[in-house]
Asks: 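Below: one structure in structure tokens.
Chain letters run A, B, ... following the sequence lines, proteins first and then strands; every chain starts at 1. Below, all heavy atoms of this structure are taken into account, side chains as well, without hydrogens, waters or symmetry copies.
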Protein chains: 2
Amino acid sequence: MNLTPNLTSFVMHFGEMGSRWGFNRTVGQMYALLVISAEPLTANDIAETLNISRGNVSMGLKELQSWQLVQLSHLPGDRKDYFRAIGSIWDMAKRVMEERRKREIDPTLSLLRDMLLDKPSNSQEQHAQQRLQEIHDLLESVTKWTNELQRLSPDNLNTLLKLSSGVGKVLDMKDKFIGKEERKENR
Amino acid sequence: MNLTPNLTSFVMHFGEMGSRWGFNRTVGQMYALLVISAEPLTANDIAETLNISRGNVSMGLKELQSWQLVQLSHLPGDRKDYFRAIGSIWDMAKRVMEERRKREIDPTLSLLRDMLLDKPSNSQEQHAQQRLQEIHDLLESVTKWTNELQRLSPDNLNTLLKLSSGVGKVLDMKDKFIGKEERKENR
DNA sequence: CTGAAGTTTCAGTAATTTCTGAAAATTATA
DNA sequence: TATAATTTTCAGAAATTACTGAAACTTCAG
């Protein structure tokens, strides 16, 4: 398959970004290609279009499938495996968030839980535990919140994002009007 | 400086996680160490405690300063540079979010804006542009929303997180009660 | 100005991650 | 069952990223 220069540059860019989003360059390229492609593609199509090895494509597709971003399908009378991107772009964002939470937050949270069970054995640990507690609470809030997001439909996610920025403004107002003393109590 | 085994394992763990959060292993370790330490530390303290080279510490501190997570301070009558973690843990979360948005979202958003200005030159581009538009809109929403978050105090951030999960439930209810037809119109 | 105390830089090396491609495995067809 | 079509695996090569440590630089005190 041949891409226009514009689309090629998008695919390449997405590859670079991919590495920041948790998958490697070629996996990013592969996903971008599948997203913009109108029809499902075979692994060979992908390898050819992106100039990467067949083996690499196979591994990349496996990863994209494990992220549930890509789906295998078959054409009648054709033995080859065809792949296409599944879900809306919001679904993909949710998947990425969830995956990142698993990798980036969950392990730390569980380590922190364990550490906070131990009584601090000296003043160094005493001070450290306060800090750890703060981190723990933060991560726990974020986890709860992302769980919540997972359950929402794309429509509702959109609504929520918009509501949130409004609420942010309201909370700001509250701060402006309520006296310092009262605010201190809430800390 | 000598850490208890517990704290050592936390620092090491944070190092591993660091690489997933956008900075490398030793930078993560350095930050963890500074966060749990009651007093500011010198670059030498850090190098010794973590068993890493002095040069590496220097580079790492520079990076942490650029993220505005660590601050240089001086002790009276002492020429050495002391460093400490600044801000609450929420401030650090905000910084990480902002930094990641800059690296992970902004460049893609600006590429997409440019691409969407071009008229699609054939049916392949036609289809692709629809997809790109969706991605663009998503990224733009997320950007607006993170800008909003940046402005909130830790207190209000907390409140907002809690509110959001409530709102999520309400939106769910709406979906349950409103008939399918009506929902379709909103798509 | 000199040198001691401290910090930064950066070329080279080490460690890690990604990619290739040939061989092995799988699956369908005749 | 044999064989042809296709996919997967994985050892090693290539590319990337992180780290070291010696040399260069900065700053200050005498």
Asks: Take the protein atom CG of L64(B) and the nucleotide atom P of dA18(D), then report the distance between them rounded to whole Å.
Replies: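 So the two atoms are 14 Å apart, to the nearest Å.
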
Asks: To the nearest angstrom, how far is K80(B) atom NZ from dA4(C) atom P?
Replies: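 It works out to 17 Å between those atoms.
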
Asks: Please collect all salt bridge (charged side-chain N to carboxylate O under 4.0 Å, His left out) contacts where either partner lies in residues 73-88 of chain A, sequence neighbours excluded, each pair once.
Replies: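 Listed once each, the pairs are D78(A)-K80(A).
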
Asks: Just jot down the ring-ring contact (aromatic ring centres under 6.0 Å, His included) partners of F83(A), sequence neighbours excluded, or say none.
Replies: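 Here no residue qualifies.
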
Asks: Q29(B) CD to dA18(D) P: how many Å, rounded?
Replies: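 Rounding to the nearest Å, CD of Q29(B) and P of dA18(D) are 13 Å apart.
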
Asks: dT9(C), OP1 or OP2 - any side-chain N/O from K62(B) closer than 4.0 Å?
Replies: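 Yes, such a contact exists.
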
Asks: Round to a whole Å and report the spacing from CD of E63(B) to C1' of dT9(C).
Replies: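 Checked: the CD to C1' distance equals 16 Å.
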
Asks: Walk along nucleotides 12-27 of chain C from 5' to 3' and tag each nucleotide B, S or - by protein heavy-atom contact under 4.0 Å, base first, then sugar-phosphate.
Replies: ------SSBB-----B

Asks: Return the value, rounded to whole Å, for the distance between atom CG of D78(B) and atom C1' of dA5(C).
Replies: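 These atoms are roughly 11 Å apart.
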
Asks: Other members of the hydrophobic cluster containing L75(B), with the 4.5 Å side-chain heavy-atom rule, please.
Replies: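 Under the 4.5 Å side-chain rule, L75(B) groups with Y82(B).
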
Asks: Can you tell me which residue pairs pass the salt bridge (charged side-chain N to carboxylate O under 4.0 Å, His left out) test with a partner in residues 113-128 of chain B, sequence neighbours excluded?
Replies: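 Listed by first then second residue: R113(B)-E140(B).
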
Asks: Rounded to whole Å, how long is the line connecting atom CG of D45(B) with atom C1' of dT7(C)?
Replies: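 My rounded result for the distance is 15 Å.
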
Asks: Hey, is R151(A) close enough to E148(A) for a salt bridge, meaning N to O under 4.0 Å?
Replies: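 Looking at E148(A) together with R151(A), the answer is yes, because their closest N to O distance falls below 4.0 Å.
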
Asks: Expressed as a whole number of angstroms, how long is the span from L50(B):CG to dA18(D):P?
Replies: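 Rounded to the whole Å, the gap is 17 Å.
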
Asks: Please name all residues satisfying ring-ring contact (aromatic ring centres under 6.0 Å, His included) with Y31(B), sequence neighbours left out, ordered by chain then number.
Replies: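 Residues passing ring-ring contact (aromatic ring centres under 6.0 Å, His included) with Y31(B): none at all.
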
Asks: In whole angstrom, give the distance that lies between atom CD1 of I46(A) and atom P of dT6(D).
Replies: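 To the nearest whole Å, that distance equals 15 Å.
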
